[in-house]
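Naming convention: chains lettered A, B, ... in sequence-line order (proteins, then strands); numbering from 1 in each chain.
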Protein chains: 2
Amino acid sequence: MLSKKTKYGLKALTYIARSEADNPVQVSEIAKSEQIPQKFLESILLTLRKSGILSSKKGKHGGYYLRSEPSEIKMTDVMRVLEGPIAMVPCVSLNFYEKCDDCPDEDKCSVNKLMIQVRDNTLKVFRNTTLADLSEV
Amino acid sequence: MLSKKTKYGLKALTYIARSEADNPVQVSEIAKSEQIPQKFLESILLTLRKSGILSSKKGKHGGYYLRSEPSEIKMTDVMRVLEGPIAMVPCVSLNFYEKCDDCPDEDKCSVNKLMIQVRDNTLKVFRNTTLADLSEV
DNA sequence: TGTAATCCCTACTAAATTGATAGGATTAAT
DNA sequence: ATTAATCCTATCAATTTAGTAGGGATTACA
């Protein structure tokens, strides 16, 4: 299941992408419009900023804005920041690989085989989708 | 991330499918061979039996065996029993659909759009994979 | 220069889920 | 009977998730 964090994060990014204005978008505005607890959203946007997807401006009339064009923001990056590894098991993760304690031979592991396929198909979607796609009405 | 329950369950099913003998396979044997806590495995196999994927024989020389041929056991069914819904959000789940509280219009929801694609690609894998595929060396 | 608005940061907490464990009841083979 | 297996219920500890609290730092603007 997708975490609320990821769900809220995606919604917030979409909201920012859709907002035409040059001004940064405020947390309070997004929280209200998307029905997200404001303090929780704050921490999510902070993560997105630290990971380089968002930038921010402090102080009055401050807020968040996209660091790049929506069409340049890939779901692979967004999902890895918000949800963590895309693979369902560490032993098939490209970016967060870890060997299983129990599994003596990955090549013979049925779980490994299956999850590689799932990973590849999910990756295909995320690599082919940008924030611009999400923001289309 | 895949739960241990699912991982153990898949490994156990594979083990049973690979065991050529006519005799049912005992929990203790699987637990030892696959390094799974026995009591935990018991509860997992019980779930698989209740869902109709496994059958069992009680008492001495009892154990578990597949209810159908490995090639007839689809990953869609196994995963739904072990891991729950295949979709990452209830609002795109085929078998466990639920509307989101917050989302006024699913057609306009960016999360919904994205997760439908992920679901479809994951389903494609699970529909095309049976226990026989997992059991091949 | 003061004040309000905004992001930034750390720490904490409640609820849910996960990954087991415990202890016995039931069933069947010998 | 004895032994070996599944079956069943309850409980528990650890982890993760979702959210809250409280204030600090920065900026715009009157």
Next on the checklist: Measuring to OP1 and OP2 of C:dC7, would you say a side-chain N or O of A:R49 lies under 4.0 angstrom away?
Outcome noted: no

Checklist entry - Quick one: which of C:dC9, D:dA28, D:dG19 gets closest to the side chain of A:K57? => result D:dA28

Item to check | Comparing B:T6 and A:K50 on DNA chain C - which has the more 5′ nearest nucleotide | outcome: A:K50

Checklist entry - What nucleotide, of D:dC7, C:dC8, D:dT20, holds the atom closest to the side chain of A:P37? => result D:dT20

Item to check | Check: B:C109 and A:K11 side chains under 4.5 Å, non-hydrogen atoms | outcome: yes

Checklist entry - Do the non-hydrogen side-chain atoms of A:I73 and A:T130 ever get within less than 4.5 Å of each other? => result no

Next on the checklist: I need the A:F126 CZ to A:K74 NZ distance, nearest 0.5 Å.
Outcome noted: 14.0 Å

Checklist entry - Looking at side-chain heavy atoms only, is the closest gap between A:L45 and A:V27 below 4.5 Å? => result yes

Item to check | C:dA20 OP1/OP2 closer than 4.0 Å to side-chain N/O of B:Y8 | outcome: yes

Item to check | Check: A:L13 and A:Y8 side chains under 4.5 Å, non-hydrogen atoms | outcome: no

Taking only nitrogen or oxygen atoms into account, show me every contact under 3.5 Å that the protein makes with nucleotides 23-26 of chain C, one pair per line with its distance.
from: C:dG23; atom 1: O6; to: B:K39; atom 2: NZ; distance (Å): 2.4
from: C:dG24; atom 1: O6; to: B:K39; atom 2: NZ; distance (Å): 3.3

Checklist entry - Counting any heavy atom closer than 4.0 Å, what does A:K7 reach on the DNA or RNA strands: base, sugar-phosphate only, or nothing? => result nothing

Item to check | Flag side-chain contact, heavy atom, 4.5 Å: A:L48 against A:V81 | outcome: yes

Checklist entry - Should B:D102 and A:K7 be marked as a salt bridge (charged side-chain N to carboxylate O under 4.0 Å, His left out) after you check the CA-CA gap, both sets of side-chain angles, and the distance that decides it? => result CA-CA 11 Å; B:D102 44 324; A:K7 191 182 174 189; 3.4 Å; yes

Checklist entry - Heavy atoms, side chains only, cut-off 4.5 Å: are B:I86 and B:L123 in contact? => result yes

Which atom pairs link the protein and nucleotides 1-4 of chain D when you take only N or O atoms and keep those under 3.5 Å?
none

Checklist outcome for this item: Which of D:dT6, C:dC9, D:dT20 is nearest the side chain of B:S56? It is D:dT6

Checklist entry - For A:Y64 and C:dC8, is the shortest distance between a side-chain N/O and OP1 or OP2 below 4.0 Å? => result yes

Checklist entry - Is the shortest heavy-atom distance from the side chain of A:L66 to the side chain of A:E72 under 4.5 Å? => result no

Next on the checklist: Counting only heavy atoms and a strict 4.0 angstrom limit, can you tell me which residues of residues 76-97 of chain B come near DNA chain D?
Outcome noted: none

Item to check | Any B:L54 side-chain heavy atom under 4.5 Å of B:I16 side chain | outcome: yes

